[in-house]
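One structure is given here, and the rest of the page talks about it.
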Number of protein chains: 2
Amino acid sequence: MVQILLPVRAKCIPNALGQLSPPPAIKLKLKKKILIHDIAKHLDVSIATVSLVLNGKAKEKRISDSLAEKVLKYVEEVGYKPNQLAKSLRTGKTHVIGLVVEDIANPFFATVAALIEKKLLARGYRIIYCSTNGDTAKTRDLLTMFQERHVDGYILALPDGVESDVRTLVRSGKPLILFDRELAGVLANAVVVDGEKGMYEATQHLLEQGFTSVAMVTLQAGQAQMQARLQGYSQAMQEWQLPEMVLELEFQQEREQIIHQMQAFCQANPTCNALLFATNYLGVYGLEAVNGLGRRIPEDLAIVSFDDNDLFRLYSPSITVVAQPLEAMAESIISTLLSALEGSQETGRITQLQLAPQLIVRESSIRVPQKARPRASRTKT
Amino acid sequence: MVQILLPVRAKCIPNALGQLSPPPAIKLKLKKKILIHDIAKHLDVSIATVSLVLNGKAKEKRISDSLAEKVLKYVEEVGYKPNQLAKSLRTGKTHVIGLVVEDIANPFFATVAALIEKKLLARGYRIIYCSTNGDTAKTRDLLTMFQERHVDGYILALPDGVESDVRTLVRSGKPLILFDRELAGVLANAVVVDGEKGMYEATQHLLEQGFTSVAMVTLQAGQAQMQARLQGYSQAMQEWQLPEMVLELEFQQEREQIIHQMQAFCQANPTCNALLFATNYLGVYGLEAVNGLGRRIPEDLAIVSFDDNDLFRLYSPSITVVAQPLEAMAESIISTLLSALEGSQETGRITQLQLAPQLIVRESSIRVPQKARPRASRTKT
DNA sequence: CAAATATGCTAAAATGTTTAAGCAAATTTT
DNA sequence: AAAATTTGCTTAAACATTTTAGCATATTTG
């Protein structure tokens with residue numbers, strides 16, 4: 001999807017002040033940044049006093065109320081803001097959280113990131129976020145970068161292959177929480193969704209609707225959560241004693257390739273009358289693939305995808321999904337993180353949470369051959 | 001859309017080492033962080049020497065090749081990484097860029113952010129990103145936070161109301177670039193899309209298709225780019241001497257409210273047979289609204305939205321859009337920023353770029369009353 | 001009234017770098 | 001052979017804070 005640069009108007013303004021400025025050395029009155037030293041000098045007190053007052057240790061360190069007030073007043077007046085770099089250097093705290101996801105443009109990660117950001121901001125934390133794009137080397141780079149920047153904590157959804165790096169990170173003692181996916185052999189805080197249960201229920205639902213030839217489309221990745229989703233499908237199929245049909249796609253392929261493989265799979269398995277997609281974007285591509293083949297949903301082919309989004313909700317027919325509890329994930333991640341950050345240093349305690357996804361039945365998986373009403377039917381909680 | 005917390009499995013592991021650890025004081029062999037001082041001591045040279053070698057100033061400062069090599073080798077061996085906080089404090093550079101958008105969960109911003117991140121990362125820069133949610137006070141907070149964190153540059157898509165803050169920021173001399181929207185009266189680098197042209201062409205297209213009663217759905221915001229989009233619509237309508245119909249929605253409303261107002265608008269204007277949406281998410285909500293009313297697209301109502309996304313591309317019927325050149329935007333933003341960051345300090349030069357959007361005609365705006373083929377027809381460039 | 005304690009503040013070390021200035025020794029130039 | 005320059009490195013200041021330890025003075029206690 002390469003877009004083309006088409007500048008319609010392009011101004012280049014040589015100098016904001018026009019062309020007649022006589023000497024090139026214009027003294028920009030760059031208001032000299034005010035320091036704690038300046039505050040102290042002006043009030044004729046020591047730097048320490050100002051610092052203590054500003055950090056709320058006036059009482060504790062027996063600074064008189066009158067002086068403390070005077071300091072605060074003057075600080076407010078001149079709008080002094082402590083240099084966070086110096087502060088961090090001294091205290092070892094940056095109040096920055098590192099967030100690593102696979103791809104921030106993916107609605108699932110974007111939404112969770114937005115929720116987390118909102119809640120952490122209120123607690124005085126900032127986040128630095130980065131995408132791994134599933135690349136192990138890049139992930140490793142990002143993790144060391146976060147260490148270098150001295151983030152106070154980590155929120156991570158990582159590709160597999162970086163287990164030992166994460167183990168080292170855990171050992172460093174900084175609060176760390178895995179989400180969306182755990183890492184094999186890494187004992188760390190984690191918040192994940194029970195994909196097995198979700199896919200089991202989705203498969204059951206399809207089978208109960210009478211779709212007997214259900215195939216699963218997933219990724220080859222060794223990631224634990226992917227295997228769980230597949231497992232849920234397998235389980236249900238076995239219970240019904242039906243043969244499993246799985247399309248395992250290679251990771252990090254181009255959109256066109258994926259669609260092509262899906263179409264090939266459908267043509268190679270003409271009896272297949274229902275598709276389960278293991279992720280958000282596989283589902284999106286799947287719709288394109290099915291459209292391209294001219295198959296009708298759900299008459300010719302029923303569809304269920306893991307992970308909800310706008311497209312699935314509004315598509316016609318609307319798409320049945322296994323929705324992840326985004327708010328609850330964000331909430332759990334943050335509370336786990338905060339208790340690790342602000343709690344005492346009992347570093348040995350770890351928390352692992354597995355949340356239940358929710359099957360939202362829509363039109364794409366309903367057997368009735370009669371045209372369904374255009375309004376989506378949605379499960380209530 | 002409140003999701004409910006349903007923990008299925010919740011482990012709480014008291015201690016990673018089990019329950020029989022005799023004294024509670026386990027000496028975690030926390031490998032003492034290695035400092036430049038340690039390197040110097042071990043090699044029996046001064047700290048300065050090590051620092052100079054590490055910063056590539058060995059030649060310039062006449063450190064002998066043999067010594068330089070020895071330093072590099074040992075640094076590599078012990079895996080020493082300079083403390084970025086100390087470095088930043090000393091040099092005044094953080095190599096961090098602040099990115100502020102309205103909402104990172106919006107696919108437009110998420111995609112641009114992802115592109116920017118990717119390209120800046122390769123140049124050794126990191127980004128801190130935050131969402132304003134259109135809130136002026138929060139935006140102001142974010143901007144001061146970025147200043148406090150000493151970011152090296154700013155990439156901003158801001159709500160109106162923070163003009164003076166941005167002016168101050170510009171005056172501070174840090175590289176700064178506005179995107180998506182300019183700010184009234186703020187002379188700064190900017191990369192925007194020509195919404196007027198885009199909407200003009202979209203309106204023309206609808207009129208040429210024979211939809212004579214075209215309405216525009218937009219936001220009340222005073223933002224320049226919104227007014228431009230409206231202007232493009234007005235222009236076209238005037239040329240055809242047709243009456244304008246505009247629904248101006250208040251900013252920051254709930255989804256349900258917006259949908260409700262759209263539906264009310266449609267019912268109040270039964271003759272209206274085409275809708276233009278000024279943004280991405282208005283378009284999405286618009287589809288829900290139209291669905292809810294049971295109107296068929298495009299038979300009863302043609303639809304065009306500003307800003308493309310998965311939903312519009314895959315929706316059936318596929319939705320005609322005015323697509324923004326995301327790659328080109330990211331590219332322009334970065335090259336402008338980098339030249340400001342790495343170029344000399346000629347701070348007076350500003351660059352303003354306006355890129356052309358692209359009308360992608362799909363099914364939702366084609367007059368033909370016969371059922372269109374399911375495959376989307378797409379303009380080629 | 002001496003000793004002990006409380007009060008109100010400050011000096012200075014510490015955080016981990018970069019970099020300007022400088023200093024001997026070696027080499028080259030007059 | 002003295003003067004000048006080059007070589008190869010080091011000293012120490014600077015960056016902007018926080019925080020421990022401590023110092024007078026004032027108050028309370030025995």
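Bear in mind that the values here come from a model prediction, so they are computed numbers and not experimental data.
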Problem set entry | Verdict with reasoning, Asp160(B) to Arg181(B), per side-chain contact (heavy atoms from CB on, under 4.5 Å) | CA-CA 9 Å; Asp160(B) 47 347; Arg181(B) 38 189 101 167; over 6 Å; no
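- Spacing between atom CZ of Arg90(A) and atom C1' of dT17(D) amounts to 8 Å, rounded to whole angstrom units.
- For Ser64(B), no side-chain nitrogen or oxygen approaches OP1 or OP2 of dG8(D) to under 4.0 Å.
- Backbone-only engagement by Thr91(A) is indicated by non-hydrogen atom pairs under 4.0 Å involving sugar-phosphate atoms exclusively.
- Under a 3.5 Å cut-off, the side chain of Thr91(A) and the backbone N or O of Lys93(A) do form a donor-acceptor pair.
- Distances shorter than 4.0 Å separate some side-chain N or O of Tyr80(A) from OP1 or OP2 on dT17(D).
- Summarising the geometry, the separation between NZ on Lys59(A) and P on dA6(C) is reported as 18 Å, rounded to the nearest angstrom.
- Neither OP1 nor OP2 of dG8(D) sits under 4.0 Å from any side-chain N or O of Lys61(B).
- Between Leu89(B) and Arg62(B), the residue whose closest nucleotide on DNA chain C is further toward the 5' end is Leu89(B).
- Taking atom CD1 of residue Ile47(A) and atom P of nucleotide dT18(D), one finds them 10 Å apart after rounding to whole Å.
- Picking from dG16(C), dT17(D), dA12(C) the nucleotide with the shortest atom distance to the side chain of Ala48(A) gives dA12(C).
- Distances shorter than 4.0 Å separate some side-chain N or O of Asn55(A) from OP1 or OP2 on dT18(D).
- Nucleic acid contact for Leu67(B): sugar-phosphate only, since backbone atoms but no base atoms lie under 4.0 Å from a heavy atom of the residue.
- You'll find that the side chain of Ile36(A) is closest to dT18(D), out of dC9(C), dT19(C), dT18(D).
- As a whole-Å value, the separation of Leu43(A) CG from dC9(C) P is 12 Å.
- In this structure, CD1 of Ile39(B) is placed 14 Å from P of dG16(C), rounded to the nearest angstrom.
- Per the geometry, CG belonging to Leu52(B) stands 11 Å off C1' belonging to dG8(D), to the nearest Å.
- Taking 4.0 angstrom as the limit, Thr49(A) places a side-chain polar atom (N or O) nearer than this to OP1 or OP2 of dT10(C).
- Protein atom NZ of Lys57(A) is 17 Å distant from nucleotide atom P of dT10(C), rounded to whole Å.
- Around the CD atom of Glu69(B), the shell of radius 6.0 Å holds no more than 12 heavy atoms that belong to other residues, nucleotides or ligands.
- Between Gln84(A) atom CD and dT18(D) atom C1' there is a gap of 13 Å when expressed in whole angstrom units.
- Counting non-hydrogen atoms of neighbouring residues, nucleotides and ligands closer than 6.0 angstrom, the NZ atom of Lys118(B) reaches no more than 12 such neighbours.
- Salt-bridge check for Glu148(B) with Lys87(A): failed, with every basic side-chain N at 4.0 Å or more from each acidic carboxylate O.
- Closest contact between the side chain of Ile63(B) and the listed nucleotides dA14(C), dC9(D), dT10(C) involves dC9(D).
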